[in-house]
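Hydrogens, waters and symmetry mates play no part in the numbers below; they use all other heavy atoms, side chains included. Quick note on labels: first sequence line is chain A, next is B, and so on, each numbered from 1.
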2 protein chains.
Amino acid sequence: MHQPKDLQSAGLKATLPRLKVLSLFETSKERHLSAEDIYNILHSSGEDVSLATVYRVLTQFEHAGLLMRHHFESGKSVFELNHGEHHDHIVCLQCDHVEEFYDAAIEARQKKIAAEYGFTIHEHSLYIYADCTKPNCPNKR
Amino acid sequence: MHQPKDLQSAGLKATLPRLKVLSLFETSKERHLSAEDIYNILHSSGEDVSLATVYRVLTQFEHAGLLMRHHFESGKSVFELNHGEHHDHIVCLQCDHVEEFYDAAIEARQKKIAAEYGFTIHEHSLYIYADCTKPNCPNKR
DNA sequence: TGTGCAAATGATAACCATTCTCATTCTCAT
DNA sequence: ATGAGAATGAGAATGGTTATCATTTGCACA
């Protein structure tokens, strides 16, 4: 993990802050992290990276295709490693737990619909907001 | 349009700012409006409503079921009249033009997928970001 | 293997959308 | 009409994010 090569080939210098952020995504149990999450995790393990740098690095990684940015209803951006396979999300409204899924039928319908309306699809985001069934979910139902 | 009755039955007093905002949604050509849009439109027609009130009224209308709130990638909330029929959106990334669509196949698949993962769907949002074909769209392709 | 320069970082101010505060004004049941 | 409580306006405050700029760092080249 965190080979300088990844960054170099993405056209980014292998700086310490960038290596730390990338490594965090590769080792963290939680796939989906916000800028604040990253800032807090790094600081609590003694790795001081400025919040401004965290934001800059996340945006750069997004543009370089290393990360994907998501806008959940929380109002803040959430990032995950771009493993190259498109997928959509189910987000629990109570505990923010996220499940990923991919459905070929939905993808196909979307393409068809966009074409009908004369649009060229750039990307799409499908978020299903729901109540999950994790035992520790604060969801009361 | 803008009958006090609508507001009363929603449990809201028929105040001037509320009537103005509601009426704006009912008469505006653009179905999808942000708080700032509304503030600007009202002011440019001599109707002075405080921006804070616009935000308050929008949130109240959303809770009352009169409006629906959407989170597009623009970063700001966008509202539209709740006509009771669920639909999804295609948003042009260049000119913010919005098309609505409904696809029974996609709806069915979503329900099925959520069930497979053990979720109870609360709501969902499907936004397709694309390039539109409006003649006045600043989209360069 | 040192050196310079462009690029990256840190600290903090600025920004933007939105919410809060609180004194004043309005709505509406009486 | 009137009074109690709700709604409003103005501006301060907030939260997430971006911009500024002086300082530091990575790295191509000598």
Side-chain angles (χ1 to χ4, degrees), chain A residues 2-24 32-43 46-64 66-79 96, chain B residues 2-24 32-43 46-64 66-80 91 96:
Chain A
H2 61 73
Q3 302 93 325
K5 190 144 43 70
D6 294 345
L7 293 173
Q8 303 279 17
S9 60
L12 297 169
K13 284 187 187 175
T15 66
L16 247 36
R18 297 213 263 239
L19 291 170
K20 288 175 186 170
V21 171
L22 192 51
S23 158
L24 182 53
H32 301 81
L33 300 170
S34 70
E36 199 187 359
D37 291 338
I38 292 164
Y39 178 80
N40 289 335
I41 294 172
L42 289 178
H43 272 245
E47 312 274 21
D48 285 6
V49 173
S50 151
L51 184 56
T53 298
V54 170
Y55 274 104
R56 273 186 296 235
V57 167
L58 288 173
T59 301
Q60 291 159 349
F61 284 4
E62 180 195 9
H63 291 155
L66 296 173
L67 293 180
M68 294 187 57
R69 179 194 299 259
H70 299 291
H71 300 89
F72 297 151
E73 288 198 351
S74 66
K76 49 171 73 172
S77 289
V78 172
F79 298 82
D96 287 337
Chain B
H2 63 73
Q3 302 94 325
K5 190 145 42 73
D6 294 344
L7 292 174
Q8 303 279 18
S9 60
L12 296 168
K13 284 188 186 173
T15 67
L16 247 35
R18 287 179 187 157
L19 291 170
K20 288 176 186 171
V21 171
L22 192 51
S23 157
L24 182 52
H32 300 81
L33 300 169
S34 69
E36 198 188 359
D37 291 339
I38 291 164
Y39 178 81
N40 289 336
I41 294 173
L42 289 178
H43 272 247
E47 312 275 19
D48 284 6
V49 174
S50 151
L51 184 55
T53 298
V54 171
Y55 275 102
R56 274 186 295 237
V57 168
L58 289 174
T59 300
Q60 291 160 349
F61 284 4
E62 180 195 8
H63 291 155
L66 296 173
L67 293 180
M68 295 186 56
R69 179 194 299 259
H70 299 290
H71 299 89
F72 296 150
E73 288 198 353
S74 66
K76 48 172 75 171
S77 289
V78 172
F79 298 81
E80 68 174 321
V91 185
D96 288 337

_Leu7(A) vs Lys13(A) side-chain heavy atoms within contact, under 4.5 Å_ = no

Please give, in whole Å, the distance from [N] [atom2] to [X] [atom1]?
X: Lys13(B); N: dA4(D); atom1: NZ; atom2: P; result: 13 Å
X: His70(A); N: dT17(D); atom1: NE2; atom2: C1'; result: 19 Å
X: Arg69(B); N: dT19(C); atom1: CZ; atom2: P; result: 6 Å
X: Leu12(A); N: dA6(C); atom1: CG; atom2: C1'; result: 15 Å
X: Asp37(B); N: dC16(C); atom1: CG; atom2: P; result: 16 Å
X: Asn40(B); N: dA17(C); atom1: CG; atom2: C1'; result: 13 Å
X: Leu58(A); N: dT9(C); atom1: CG; atom2: P; result: 12 Å
X: Lys20(A); N: dT25(D); atom1: NZ; atom2: P; result: 11 Å

*Contact class for Ser77(A) vs. all strands (heavy atom < 4.0 Å): base, sugar-phosphate, or nothing?*
sugar-phosphate

*asked:* For a side chain to side chain contact (heavy atoms under 4.5 Å, CB included) check, start with the C-alpha distance between His43(B) and Asp48(B), then their side-chain angles and the critical distance, and finish with the verdict.
replied: CA-CA 5 Å; His43(B) 272 247; Asp48(B) 284 6; 3.6 Å; yes

_Pairing partner of dT25(C) (Watson-Crick or G-U wobble, both distances under 3.5 Å)_ = dA6(D)

*asked:* Going by purine N1 to pyrimidine N3 plus the second Watson-Crick contact, or the G-U wobble pair, all under 3.5 Å, which nucleotide sits opposite dA1(D)?
replied: dT30(C)

Quick one: is [N] close enough that its OP1 or OP2 comes under 4.0 Å of any side-chain N or O from [X]?
X: Tyr55(A); N: dT17(D); answer: yes
X: Gln8(A); N: dC27(D); answer: yes
X: Thr53(B); N: dG9(D); answer: yes

*Among the nucleotides dA11(C), dA10(D), dG16(D), which one has an atom lying closest to any side-chain atom of Ser50(B)?*
dA10(D)

*Considering all heavy atoms of both residues, which atom of Ala14(A) and which atom of Leu19(A) are nearest to each other, and what is their separation?*
O-CD1, 4.2 Å

*asked:* For Leu66(B) versus Ala10(B), what's the shortest heavy-atom pair and its separation?
replied: CD1-CB, 4.4 Å

*asked:* Go nucleotide by nucleotide along DNA chain C from the 5' end; which of Lys76(B) and Thr15(A) gets its closest nucleotide reached first?
replied: Thr15(A)

_Ala52(B) or Val54(A), whichever maps to the more 5' nucleotide of DNA chain C_ = Val54(A)

*Do Arg56(A) and dG10(C) have a side chain to base donor-acceptor pair shorter than 3.5 Å?*
yes

*Can Thr59(A) and Arg56(A) be counted as having a side-chain donor-acceptor contact under 3.5 angstrom?*
no

